[in-house]
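Please read through the structure below; I'll follow up with questions.
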Amino acid sequence: MGIMPTNFEPDEQTAAALARFKRTHQAHDQQLKQVKELAPDLMRDGATVGQLAKWTGLTDEVFRRIGRKHDIERLREPTVG
C-alpha cells in the first residue's frame, strides 16, 4: 500500500450526503435524550415498557433500564430468572 493522501476532500454530492447524515444523527441524539427524559414520568403515569418500545421503536430493555434507574415499580415480575 502506498501513502494515503492527507488533503482529501469529498466531491459535492458526497459532502452533501455526509452533511445530511450528520444532521440526522444529531437530531436523533436530541430526540433520544428527550424520550429518555420523558420516559420516567410516562411510566409513573402508567405507560408500560412495551408500549414505550412500540411507540418509539426502541427496545423494551431501554425502558426497563430507565425504570430501574428511577426506582419505578415494575408492573409485573421479570419472566427471566
Side-chain angles (χ1 to χ4, degrees):
M1 287 192 135
I3 296 175
M4 300 291 284
T6 59
N7 59 346
F8 174 80
E9 288 289 329
D11 61 49
E12 193 174 313
Q13 185 176 1
T14 301
L18 296 171
R20 277 192 309 276
F21 177 83
K22 183 177 180 179
R23 287 190 305 274
T24 300
H25 185 67
Q26 289 169 335
H28 171 270
D29 288 348
Q30 283 184 318
Q31 290 170 345
L32 180 59
K33 181 181 176 192
Q34 185 178 21
V35 166
K36 287 181 174 184
E37 288 171 355
L38 290 170
D41 289 334
L42 295 172
M43 287 189 279
R44 286 186 190 101
D45 289 343
T48 67
V49 295
Q51 288 171 322
L52 292 169
K54 179 181 173 185
W55 296 331
T56 63
L58 299 171
T59 65
D60 292 11
E61 186 57 28
V62 168
F63 297 104
R64 281 190 205 102
R65 288 179 185 161
I66 291 170
R68 286 192 297 267
K69 179 179 175 183
H70 293 275
D71 297 320
I72 296 171
E73 192 173 324
R74 293 179 178 171
L75 298 177
R76 67 171 176 77
E77 289 301 312
T79 57
V80 178

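From a predicted model like this one, the values you see are computed outputs, not experimental measurements.
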Taking only residues two or more places apart in sequence or in another chain, which ones pass salt bridge (Lys or Arg N to Asp or Glu O under 4.0 Å) with Glu61? Arg64, Arg65, Arg68
What donor-acceptor contacts under 3.5 angstrom involve side-chain atoms of residues 11-26, with partners at least two apart or in another chain?
residue, atom, partner, partner atom, Å
Asp11, OD1, Gln13, N, 3.1
Asp11, OD1, Thr14, N, 2.7
Asp11, OD1, Thr14, OG1, 2.9
Asp11, OD2, Thr14, OG1, 3.4
Thr24, OG1, Arg20, O, 3.0

Show me, pair by pair, the donor-acceptor contacts under 3.5 angstrom made by side chains of residues 29-43, not counting sequence neighbours?
residue, atom, partner, partner atom, Å
Asp41, OD1, Arg44, NH1, 3.4

For residues 26-69, pull every pair meeting ring-ring contact (aromatic ring centres under 6.0 Å, His included), keeping only residues two or more places apart or in separate chains. none
Heavy atoms of Asp60 and Ala53 approach each other most closely as OD1-CB, 3.0 Å
